[in-house]
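Values in this document were obtained by computation on a predicted structure and should not be read as measured data.
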Amino acid sequence: MNTSENIPLDEQFVIGVDYGTLSGRAVVVRVSDGAEIGSGVFEYPHAVVSDRLPGSGQRLPADWALQVPNDYRDVLRHAVPAAVADAGINPVNVVGIATDFTACTMVPTTADGTPLNELERFANRPHAFVKLWRHHAAQPQADRINQLAEERGESWLPRYGGLISSEWEFAKGLQLLEEDPEVYGAMDHWVEAADWIVWQLCGSYVRNACTAGYKGIFQDGKYPSEDFLAALNPDFKGFVSQKLEHTIGRLGDAAGYLTDEAAAWTGLPAGIAVAVGNVDAHVTAPAANAVEPGQLVAIMGTSTCHVMNGDVLREVPGMCGVVDGGIVDGLWGYEAGQSGVGDIFGWFTKNGVPPVYHQAATDKGLGIHEYLTELAEKQAIGEHGLIALDWHSGNRSVLVDHELSGVVVGQTLATKPEDTYRALLEATAFGTRTIVDAFRDSGVPVKEFIVAGGLLKNKFLMQVYADITGLQLSTIGSEQGPALGSAIHAAVAAGKYKDIREAAASMAAAPGAVYTPIPENVAAYEVIFQEYKTLHDYFGRGTNNVMHRLKAIQRAAIQGSGQQGSEQQGSEQQGSEQQGSEQQGSEQQVSATQSGTLEGASA
């Protein structure tokens, strides 16, 4: 094991590695004061696999989102050494490493941790790959879980706002069983990617308390019963005991120590502490020094995750979960979220903005997001005449329904791209307002609103959020909040601080910009928010289930065309690989918008 007793505290460093949706980022952080000394980024070569499977070119059904696990190893091989080189430090002074991950992102593995897609016999089987957090094809399984849990009065259901998400471990696991029982049978462990990457680093599989509680329905020391699982599907009875259950590690503890192999990948000393895994959103709270009740942290990127500590246990409708010690020991950790935020903005700029706008942005030396923002912020509130629903990637909170889809109401022949763009920005703020109201109405007051992630760079967007929520909004003074939060956990795992609170007091980022609600804007947005709520409930609470019906029609159409297309698979394979390369480039372009990343909020 690496020892650091003789190294002065101000010369000791830890590494935080943040695994986002499109890339992994490593940051070198000084233990004594949290200063960020160097960083490195590695874009996943396969990005998000949502169209065709790598290699075979097999077309994927609707709502699938996969990744390739070796891309995650490559982050350790490239981003970590790059960060150390950028910092200009001696690697021997690094005393610990910690990682955070998107969630719920699942890896099916053998007993030794080998992902099933890396076995030759399963290389062309979609269910053998990583299921990314935004894989939403398990909604039918989630619906059955929710219905059965409600019928049986399962005690754990209220802890999740009354609904289990299709993004989570049980729904995705049940889908795997029912759609590819051979792969399910070959799987020894159903592993959160947050724990799999730690396993790669230290050679030990330790299940982290955060994802176990929020994504794995682990409450009060137990999972859903075998009787419940068997009622879903008799072959699912042993899911927990045979595939899921494992030793649970406390956040901030060491899961193990860096192996020789991982030391060779990273260039770090073998034997340094490797912290228990964690989720990108939840590690960010300490980075913002938001470790007390009522401090709501919104990590805004491709999606947004809202996390907050509370000193009371309440049932909050539509929450992703409330977990004892889910963020820091001694408090209840609450989580909510929006499945699409930066993703929506990125989708619109790629698909809804004509070339003349892109050229105008280039001529002004601006990115397309900056250009559209510049146009949009000149408008008076309500001038565009639009309201949007921010459900292009489904709704995580408070409806917990990924069969929902995006809507823009009020478009005319006079509607311009900047009008729709502003409406989409506002829609995501309305979604956050809905979450804030749900917390307050349930007796969990929101006292502070803190924003981290790539989108905080858009000052206009931040002011919109302050005006719509009516809350003073402060930003975190770090562009790498999750990575910094992971580094804080690494320092605790290495024994440099007694707990996360103490480490955060010394290592958290300084506050960034502050945005105060403008009273006249608050009043103007309140009128539009009431209209948003009407649309929200009309489409989201069962008055009109047209979105569900359209999804069913879409799935049937894709399934039919997929069967026909499989006959032409051989001739199309070369083209599909080219398409995958193009998709990777466009996905990576999204990650660079807003003069920074849109990632970092996928939990």
| query | Do the side-chain N and O atoms of Y371 and H358 include a donor-acceptor pair separated by under 3.5 angstrom? | reply | no
| Do H135 and Q175 get their side chains close enough for a donor-acceptor pair, meaning under 3.5 Å? | yes
| field | CA sep, side-chain torsions, deciding dist, call: K457, E479, salt bridge (Lys or Arg N to Asp or Glu O under 4.0 Å) | value | CA-CA 9 Å; K457 294 181 178 180; E479 297 180 4; 3.7 Å; yes
| said: For a quick test of reading the model, state the closest non-hydrogen atom pair linking W190 to E169 and the distance between them. | reply: NE1-O, 3.0 Å
| message | Would you say D419 and Q379 are linked by a side-chain donor-acceptor pair, where the criterion is simply a distance under 3.5 Å? | response | yes
| Name the one of V451, T284, L456, V341 that satisfies side-chain contact (heavy atoms from CB on, under 4.5 Å) with I299? | T284
| query | What ring pair (Phe, Tyr, Trp, His ring centres under 6.0 Å) pairs are there with at least one residue in residues 392-416, not counting sequence neighbours? | reply | H136-H402, W347-H392
| Donor-acceptor pair, E418 side chain versus K378 backbone, under 3.5 Å? | no
| request: List in chain and number order the residues that pass side chain to side chain donor-acceptor pair (under 3.5 Å) with K222, two or more places apart in sequence or in another chain; answer none if no residue qualifies. | output: none
| query | Would you say the side chains of H282 and E335 form a donor-acceptor pair under 3.5 Å? | reply | yes
| task | Sequence neighbours left out, what passes side-chain contact (heavy atoms from CB on, under 4.5 Å) with E178? Give chain and number order. | result | Q141, R144, L174, N233
| task | Taking ring-ring contact (aromatic ring centres under 6.0 Å, His included) as the test, write out the residues that go with F236, two or more places apart. | result | F239
| request: Taking salt bridge (Lys or Arg N to Asp or Glu O under 4.0 Å) as the test, write out the residues that go with D363, two or more places apart. | output: none
| query | Got a sec, which residues hit ring-ring contact (aromatic ring centres under 6.0 Å, His included) with F129, two or more places apart in sequence or on another chain? | reply | none
| Got a sec, which residues hit ring-ring contact (aromatic ring centres under 6.0 Å, His included) with F228, two or more places apart in sequence or on another chain? | W156
| field | Between N395 and S339, a side-chain donor and acceptor under 3.5 Å | value | no
| Just by distance, with hydrogens left out, do R440 and S442 show a side-chain donor and acceptor under 3.5 Å apart? | no
Under 3.5 Å, which donor-acceptor pairs link side chains of residues 424-435 to any protein atom two or more places apart or in another chain?
residue, atom, partner, partner atom, Å
E426, OE1, H384, NE2, 2.9
E426, OE2, R422, NE, 2.8
E426, OE2, Y525, OH, 3.0
T428, OG1, L425, O, 2.8
T428, OG1, Y465, OH, 2.7
T432, OG1, H306, NE2, 3.1
T432, OG1, Q338, OE1, 2.6
R433, NE, D437, OD1, 3.2
R433, NE, D437, OD2, 3.0
R433, NH1, I468, O, 3.1
R433, NH1, E526, OE1, 3.1
R433, NH2, E526, OE1, 3.1
T434, OG1, F430, O, 2.9

| query | Does Y223 have any ring-ring contact (aromatic ring centres under 6.0 Å, His included) partners at least two apart in sequence or in another chain, and if so, which? | reply | F218
| field | With sequence neighbours excluded, residues passing side chain to side chain donor-acceptor pair (under 3.5 Å) with T420 | value | Q411
| Without hydrogens or angle criteria, can the side chains of D343 and S393 be said to hold a donor-acceptor pair below 3.5 Å? | no
| Which residues satisfy the side-chain contact (heavy atoms from CB on, under 4.5 Å) test with E151, sequence neighbours excluded? | Q147, L148
| said: Is it the case that atom CD in E150 sees more than 12 heavy atoms from other parts of the structure closer than 6.0 Å? | reply: no
| Using a distance-only test with no angle check, is there a side-chain donor-acceptor pair under 3.5 angstrom linking Q139 and D143? | yes
| Which pairs count as side-chain hydrogen bond (donor to acceptor under 3.5 Å, both in side chains) when at least one residue sits in residues 546-555, sequence neighbours excluded? | D63-K551, D401-H548, E403-R555, N544-R549
